[in-house]
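Encoded as structure tokens, the structure appears first; notes follow it.
The model shown is predicted, which means the values in this text are computed figures rather than measured ones. Lettering of chains follows the sequences in order, A, B, ..., and the numbering in each one begins at 1.
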Amino acid sequence: MIMQPYRKYLIFLAILILLSPLGLLLPHSFKAGDAWGEWSVKLVKEKTGTEPSGMKKGAAIYKAPVPEYQLGKEDGSLPGRSVSYIISGLIGTGIILILTFGAVKFTSRKKTE
Amino acid sequence: MHIPDGYLSPQTYVPLYGVFIVSAAAAVKKIEKKMDKKLIPYLGMAAAFSFLIMMFNIPIPGGTTGHAVGAAIIALLLGPWVTFIAVSVALIIQALVFGDGGITAIGANCVNMALVIPFVSWAVFKLIAGKSESPGRLNIAAFMAGYISLNIAALVTSIELGIQPLIASGSDGNPLYAPYPLKVAIPAMAIEHLLLFGIVEGIVTFLVFRYFLKNNKEMIGVIK
């Protein structure tokens, strides 16, 4: 099995995925908002009184399928958002590992042919 | 530190895309030449590690949040070029799938977090560790590599944000993009990274480094 030598590390990653809701719950309990320089246009307007037009246009350029690591509403219940967070961790990790372990399979197949 | 869409003017994000693409081409060349194919899964797990570490938002009570990137320790293990690719993969997936960091800012974010951190981390470690084999000194070097590299990345990011009002303003004189000038952006980001987030990156770097130093020293590229 291709995963065998990496078991330890994969278990560590799984633990990180399960603990990831801490990244949501801690800011919530300490009433901390978004990172500096990552505020929404609306929040920038609240803080500065201006709504930079380029920023407003730019912010609308792309809509991610799972915004803010949330599958449901961004202001949903905490347990629901925590589950979303774990699933997002799984999705992100899954995509990354499939891409890279896939690359190994692909390159080793090329060698044997 | 993930710059969203709309914060950077095209005059800023286009050149940063250029830096990113040129560096990525250089990295792939270096890796192809040197790297054992067996290392690719480690690159993947490192990318996943960085992706997950960035989900752990740390609050400043009543203020903002921030997080470690994990790029400093990956650099000490796998080298700065492999780290650049690994953390870029994580950042691109964050932008495309989760809207964390803008599409237009992928170049900027990869330069700030995937390029600056690993190279600074590697250099700081070498500088502090020297040729020493004392675990104490090596562990301190690892912590400082994480602490300083995240702070340099925050500084670079705050400069990119802070120059926006100088670059582009509308006919009414108001800024078109990120509205905060350098004298606001630099201290805002520097203080929180000097006092909290940099320390977290330092601790993550130190803890993982110490684990490998004890259990799997051959994996630590920076002391080979």
Side-chain angles (χ1 to χ4, degrees), chain A residues 2-3 5-6 9-10 12-13 16-17 19-20 22-24 26-41 44 48 50 52-69 85 88-89 91-93 95-101 103-104 107-108 111, chain B residues 1-9 37-38 40-45 47-49 51-67 86 89-90 93-104 157-158 161 164 168-170 174-180 185 188-189 192:
Chain A
I2 190 170
M3 298 283 185
Y6 313 115
Y9 305 115
L10 294 170
F12 176 64
L13 293 176
L16 285 181
I17 292 173
L19 291 177
S20 67
L22 284 175
L24 190 72
L26 279 178
H28 179 82
S29 48
F30 284 98
K31 297 194 172 27
D34 283 337
W36 198 92
E38 296 184 23
W39 298 331
S40 65
V41 180
V44 167
T48 65
T50 60
S53 59
M55 181 182 254
K56 199 178 171 192
K57 234 192 268 165
I61 202 168
Y62 178 74
K63 204 145 174 31
V66 191
E68 304 277 328
Y69 306 91
Y85 225 59
S88 293
I91 295 173
T93 309
I95 295 174
I96 290 168
L97 292 184
I98 287 168
L99 281 177
T100 44
F101 280 75
V104 177
T107 47
S108 52
K111 229 186 278 163
Chain B
M1 221 184 282
H2 293 66
I3 301 174
D5 284 318
Y7 271 68
L8 298 179
S9 54
K37 289 262 156 51
K38 280 182 198 140
I40 296 178
Y42 288 103
L43 186 155
M45 290 186 292
F49 169 70
F51 175 89
L52 291 169
I53 270 299
M54 288 192 257
M55 292 182 80
F56 286 83
N57 298 305
I58 298 142
I60 293 175
T64 64
T65 55
H67 53 73
V89 168
I93 287 169
Q94 284 176 331
L96 292 178
V97 182
F98 302 102
D100 197 2
I103 297 297
T104 54
T157 306
S158 67
L161 292 170
Q164 297 313 311
S169 47
N174 284 329
L176 280 176
Y177 303 100
Y180 296 99
M189 287 201 69
E192 57 183 32

_Heavy-atom donor-acceptor pair, B:Y42 side chain to A:Y6 backbone, under 3.5 Å_ = no

*Checking heavy atoms, do the side chain of A:F12, its backbone, both or neither come under 4.5 Å from chain B?*
side chain

_Ring-plane angle category for A:Y69 and B:F98, please: parallel below 30°, perpendicular beyond 60°, tilted otherwise._
parallel

_Interatomic distance, A:L24 atom CG to B:T65 atom OG1 [nearest 0.5 angstrom]_ = 10.5 Å

*So how far is it from A:L13 CG to B:F51 CZ, rounded to the nearest 0.5 Å?*
11.5 Å

*asked:* Given heavy-atom pairs under 4.5 angstrom as the criterion, report whether the side chain, backbone, both or neither of B:I103 touches chain A.
replied: side chain

*Can you say whether B:T104 sits under 4.5 Å from chain A via the side chain, the backbone, both, or neither, judging by heavy atoms?*
side chain

*Please tell me if the side chains of A:Y9 and B:F49 come closer than 4.5 Å, counting only heavy atoms from C-beta onward.*
no

*What part of B:E192 lies closer than 4.5 angstrom to a heavy atom of chain A: side chain, backbone, both or neither?*
side chain

*Do you know the tightest heavy-atom contact between A:P65 and B:L96?*
CD-O, 3.2 Å

*Heavy-atom distances under 4.5 Å only: say whether B:Y177 touches chain A with side chain, backbone, both or neither.*
both

_Test item: B:T64 side-chain N/O and A:G33 main-chain N/O as donor-acceptor pair under 3.5 Å_ = no

*Work out which heavy atom in A:A64 is nearest to a heavy atom in B:A95; give both atom names and the distance.*
CB-O, 4.3 Å

*Option that, when pairs with chain A are counted at under 4.5 Å, heavy atom only, ranks first among B:P4, B:A47, B:G63*: B:G63

*Give, as side chain, backbone, both or neither, the part of A:L26 having an atom under 4.5 angstrom from any heavy atom of chain B.*
both

*Tell me, out of B:S158, B:G101, B:A90, B:P61, who's got the most heavy-atom pairs with chain A below 4.5 Å.*
B:P61

*Calculate, to the nearest 0.5 Å, the distance between atoms CG and CD1 belonging to B:L52 and A:I96 respectively.*
7.5 Å

_B:P41 and A:F101, any side-chain heavy atoms less than 4.5 Å apart_ = yes

*If you count heavy-atom pairs under 4.5 Å between each of A:S53, A:P67, A:G23, A:S29 and chain B, which one has the most?*
A:G23

*State, yes or no, whether a side-chain contact exists between B:P175 and A:M55 at a heavy-atom distance under 4.5 Å.*
no

_Nearest atoms (heavy-atom pairs only) where A:S88 meets B:M55_ = CB-CE, 4.3 Å

*Using a cut-off of under 4.5 Å on heavy-atom pairs, state which of A:A60, A:G37, A:S40 scores highest against chain B.*
A:G37

*Mind listing the closest non-hydrogen atom pair of B:P179 and A:V44 along with its distance?*
CG-CG1, 3.8 Å

*Flag if over 12 foreign heavy atoms under 6.0 Å of CZ, A:F30*: no

_Residue part contacting chain A, namely of B:V89, when any heavy atom lies under 4.5 Å_ = side chain

*Could you tell me which non-hydrogen atom of A:E38 sits nearest to which non-hydrogen atom of B:M1, and how far apart they are?*
OE2-N, 2.6 Å

*Is it the backbone or the side chain of A:I98 that comes under 4.5 Å from a heavy atom of chain B, or both, or neither?*
neither

*asked:* To check you understand the geometry: which heavy-atom pair defines the closest contact between B:I93 and A:G92, and what is its length?
replied: CG2-CA, 4.5 Å

